Amino acid sequence: MNIFLFAKNITRNINKTKKLLWSAMPILDDLKTLPHFIESGQKLMGLDLGTKTIGLAVSDTMFKIATPLETIKRTKFTKDTQALREFEASHNIGALVIGLPLNMDGSEGPRVQASRAFARNLLQQKDQPIVFWDERLSTSAVTRTLIDADMSRAKRADVVDKMAAAYILQGVLDLLNN
């Protein structure tokens, strides 16, 4: 191979690598920058990731109110994300807010690692903004509210995950509006 073709191939590979690095949407550290990544009319989706279910909630386009949407029964990652992507498409979602289940002392355990891995895998499928939100006690707070509302245990089990997702998402919306 002559030197010209060798150099041309190296340049092409460098340009491909740059394109991949610069086109990939990051997991955002600064929550206040989130609105800059979302197009007008798009919404946010909150996710409460559990081992058996994924609770979903959606915001309004003004980023004021979180509404519980659905609970996805988890099976395999591909099927879970297919269901998630269908909800995203039907609700014009611009970014995801994923609950981060930190330990009470703020340290990261296995569930946090699983949530971060889920987010990384989502980014491999679709380039979109993702933020994490501390979800400590979100399920407990929602469960207490549902008990106070005199909801039966069976009905609570049906709604707690999507309500927890709404609780997580509402925390982000409140911060964005202050």
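Values in this document were obtained by computation on a predicted structure and should not be read as measured data. Residues: numbered from 1 along the sequence shown.
- A ring-ring contact (aromatic ring centres under 6.0 Å, His included) check over residues 139-159, counting only residues at least two apart or in different chains, returns nothing.
- Glu88 is linked by a side-chain hydrogen bond (donor to acceptor under 3.5 Å, both in side chains) to Arg85, Lys126, Gln128, counting only residues two or more places apart in sequence or in another chain.
- Within the structure, the side chain to side chain donor-acceptor pair (under 3.5 Å) test picks out no pair touching residues 142-152 (sequence neighbours left out).
- Separation of atoms CD (Glu135) and CZ (Arg111) is listed at 9.0 Å; rounding is to 0.5 Å.
- Counting only residues at least two apart or on different chains, the side chain to side chain donor-acceptor pair (under 3.5 Å) pairs with a member in residues 40-55 are Thr53-Asp161.
- Distance CG/Leu173 to CD/Gln170: 5.0 Å, rounded to 0.5 Å.
- With values rounded to the nearest 0.5 angstrom, Ser140 atom OG is found 9.5 Å from Ile147 atom CD1.
- Leu84 contributes atom CG, which lies 8.5 Å from atom CG of Asp80 (distance to the nearest 0.5 angstrom).
- Inter-residue side-chain proximity for Gln125 and Leu122 is flagged as met; some heavy-atom pair is nearer than 4.5 Å.
- Under the 4.5 Å side-chain heavy-atom criterion for Ile, Leu, Val, Met, Phe, Trp and Tyr, Met163 and Trp133 are members of distinct hydrophobic clusters.
- Side-chain contact between Pro68 and Val159: absent, with no pair of heavy atoms (C-beta onward) separated by less than 4.5 Å.
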Distance-only donor-acceptor pairs under 3.5 Å for side chains of residues 94-106, two or more places apart:
{"residue": "Asn103", "atom": "ND2", "partner": "Ser107", "partner atom": "OG", "Å": "2.9"}
{"residue": "Asp105", "atom": "OD1", "partner": "Ser107", "partner atom": "N", "Å": "2.9"}
{"residue": "Asp105", "atom": "OD1", "partner": "Ser107", "partner atom": "OG", "Å": "2.6"}

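- For the atom pair CZ of Phe63 and CG of Asp174, the computed distance is 14.0 Å after rounding to the nearest 0.5 Å.
- Within the structure, ring-ring contact (aromatic ring centres under 6.0 Å, His included) pairs that include any residue of residues 87-113 do not occur (at least two apart or interchain).
- When hydrophobic clusters are built by joining Ile, Leu, Val, Met, Phe, Trp and Tyr residues whose side-chain heavy atoms come closer than 4.5 Å, directly or via intermediates, Leu49 is not grouped with Val142.
- Checking each of Ile93, Ile65, Leu44, Asn92 against Val58 for a side-chain contact (heavy atoms from CB on, under 4.5 Å) leaves exactly one that passes, namely Ile93.
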